[in-house]
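Just below is one structure, and these are the notes that go with it.
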Amino acid sequence: MKFLSEFRDSALAKGVISQIHHRSKMSARFMEFCGGHTVTIFRYGIRQALPETIEMLSGPGCPVCVTATADLDKAIALAQVPDVIIATFGDMLKVPGSFSSLQQTKAEGADVRMVYSTMDAVRMAEENPDKRVVFLGIGFETTAPTIAASVLQAEEKRLENYTVLSLHKLCPPVIKTLLDSGEVRLDGLICPGHVSAVIGSTAWEFVARDYGIPCVVSGFEPLDVLQCVDMLVTQVEGQDSKVEIAYRRGVQPEGNPEALRLMDNVFEHCSAHWRGMGTIPNSGLRLRRTYQRFDADCVFDIDPGPTREPEGCICGAILRGINTPPDCNLFGKACTPVNPVGPCMVSAEGSCSAYYLYEGGNRGG
């Protein structure tokens, strides 16, 4: 493992950028899927450093952003049930639902607590036997194994008051849906590093094989992303389509077999609703029948009622790569990190948030 500073070395970065400029002759449109990559690209000005031949788009790789309003409304409704504690990661607190948010519900008296790990939520259930703890299972394949582990730990401890509201999303199915829609032309995919550390680079082979689109798994430092872009350019210029790894220190072709086994033991695939993309078959995870007593959907009978999307918000189109944040009339005006209208401005990995912080929030509409 190299020192982190080596992946931010400006001299090395200039060398890779020069190489990209020299190699890139054909117009190419690359999409980074992961919100972590989006932040790196904006924070270090990578888009501006690339040649005009290359266009960068942000995809639906922010788990907070793609959580459907209906699912958030269900979490808010659960928070209002007597003797229920909602445990959640911090980014979810400020995301607006149809009529409220978890933060607002907490201010009104609901017991909503931020946690840093699933084990915090299990401990919370142990310490509050007279309460029912609902952990919001938000995230992609990266967080699912840890939540599966929490269910097994709750079973081992014989906790009857721990449940999970599983809102997990799986990445390959949404990429397939995005490509099948034909809404956005892509010439290369920057595959997510942390997700690929779990599912492996082989999970993306269908993109290169079936769609002829080059794929490279990237790390999260600026040199990681630049190396990834350079490898994509090499494939585009050579009219090649394959899956490569530019993040060998974190990703293997087969992924993490133990994490995959853990997920498969506790969860099974199901349909999931994605913001801006509707219901996608086999793109979610629900607890298997064996563990249904830990499934908040089975334990609670909750009907949050009809949903309402924020007027004027185009988060869905931004997540699909059709629009960019400045295309939204609300961006930088009615919608800011202090007063977010949509989730893409709330999450630290949201493209609207990244654009606002690193490229100026006064460019909207």
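Source: prediction; values computed, not measured. One is the number of the first residue; the rest follow in order along the sequence.
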May I ask you to check whether [X] and [Y] show a side-chain donor-acceptor distance below 3.5 Å?
{"X": "T38", "Y": "Y355", "answer": "no"}
{"X": "D224", "Y": "S218", "answer": "no"}
{"X": "T163", "Y": "R132", "answer": "no"}
{"X": "Q19", "Y": "D230", "answer": "yes"}
{"X": "T279", "Y": "S271", "answer": "no"}

How about [X] and [Y]: do any of their side-chain heavy atoms sit closer than 4.5 Å?
{"X": "C215", "Y": "L189", "value": "yes"}
{"X": "L262", "Y": "L152", "value": "yes"}
{"X": "R288", "Y": "V266", "value": "no"}
{"X": "L357", "Y": "R43", "value": "no"}
{"X": "F300", "Y": "V84", "value": "yes"}

Do the side chains of [X] and [Y] get close enough for a salt bridge, i.e. N-O under 4.0 angstrom?
{"X": "E126", "Y": "R123", "value": "no"}
{"X": "R113", "Y": "D111", "value": "yes"}
{"X": "R293", "Y": "E155", "value": "yes"}

Evaluate whether atom CG of D301 has more than 12 neighbouring non-hydrogen atoms of other residues, nucleotides or ligands under 6.0 angstrom away.
no
Considering residues, nucleotides and ligands other than K25, do more than 12 of their heavy atoms fall under 6.0 Å from its NZ?
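Counting neighbours around NZ of K25, more than 12 heavy atoms of other residues, nucleotides or ligands fall under 6.0 Å, so yes.
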Would [X] and [Y] count as a close aromatic pair, with their ring centres under 6.0 Å?
{"X": "H194", "Y": "F220", "value": "yes"}
{"X": "F89", "Y": "F135", "value": "yes"}
{"X": "F267", "Y": "H168", "value": "yes"}

Can D210 and K176 be said to form a salt bridge (charged side-chain N to carboxylate O under 4.0 Å, His left out), step by step?
CA-CA 10 Å; D210 301 339; K176 184 179 187 306; over 6 Å; no
Residue pair [X] / [Y]: nearest heavy atoms and the distance that separates them:
{"X": "M31", "Y": "G321", "result": "CE-CA, 4.1 Å"}
{"X": "C298", "Y": "Q292", "result": "CB-O, 3.8 Å"}
{"X": "Y291", "Y": "N265", "result": "CE1-O, 3.5 Å"}
{"X": "A125", "Y": "L159", "result": "CB-CD1, 4.1 Å"}
{"X": "V217", "Y": "P192", "result": "CG1-O, 3.9 Å"}
{"X": "P257", "Y": "G255", "result": "CD-O, 3.3 Å"}

Hey, what do you get for [atom1] ([X]) to [atom2] ([Y]), rounding to the nearest 0.5 Å?
{"X": "T40", "Y": "L223", "atom1": "OG1", "atom2": "CG", "value": "11.0 Å"}
{"X": "T324", "Y": "L57", "atom1": "OG1", "atom2": "CG", "value": "9.0 Å"}
{"X": "F99", "Y": "Q104", "atom1": "CZ", "atom2": "CD", "value": "12.0 Å"}
{"X": "W274", "Y": "L170", "atom1": "CH2", "atom2": "CG", "value": "7.0 Å"}
{"X": "L136", "Y": "T88", "atom1": "CG", "atom2": "OG1", "value": "4.5 Å"}
{"X": "L72", "Y": "S98", "atom1": "CG", "atom2": "OG", "value": "8.0 Å"}

Could you tell me how the ring of W204 sits relative to the ring of F33: parallel (under 30°), tilted (30 to 60°) or perpendicular (over 60°)?
tilted
Please lay out, stage by stage, how V164 and F294 fare under the test side chain to side chain contact (heavy atoms under 4.5 Å, CB included).
CA-CA 6 Å; V164 172; F294 300 107; 5.6 Å; no
E359 and R47: salt bridge (charged side-chain N to carboxylate O under 4.0 Å, His left out), yes or no, with the steps?
CA-CA 11 Å; E359 294 202 9; R47 291 194 315 151; 2.8 Å; yes
Please determine whether side chain to side chain contact (heavy atoms under 4.5 Å, CB included) holds for the pair I318 and C315, giving the CA-CA distance in whole Å, both sets of side-chain angles, and the decisive distance to 0.1 Å.
CA-CA 5 Å; I318 291 171; C315 273; 5.5 Å; no
Does V229 belong to the same Ile/Leu/Val/Met/Phe/Trp/Tyr cluster as V243, with side-chain heavy atoms less than 4.5 Å apart forming each link?
no
Report yes or no: does [X] contribute a side-chain atom to a donor-acceptor pair with the main-chain N or O of [Y] at less than 3.5 Å?
{"X": "E32", "Y": "C191", "result": "no"}
{"X": "S181", "Y": "L178", "result": "yes"}
{"X": "R275", "Y": "G316", "result": "no"}
{"X": "D264", "Y": "L260", "result": "no"}

Give the C-alpha distance, both sets of side-chain angles, the deciding distance and a yes or no for salt bridge (charged side-chain N to carboxylate O under 4.0 Å, His left out) between R289 and E268.
CA-CA 9 Å; R289 183 180 298 274; E268 62 185 8; over 6 Å; no
Walk me through whether E244 and K242 qualify under side chain to side chain contact (heavy atoms under 4.5 Å, CB included).
CA-CA 6 Å; E244 296 181 294; K242 58 186 176 183; 3.6 Å; yes
Would R29 and D187 satisfy salt bridge (charged side-chain N to carboxylate O under 4.0 Å, His left out), going step by step from the backbone distance to the final call?
CA-CA 5 Å; R29 179 181 284 178; D187 302 294; over 6 Å; no
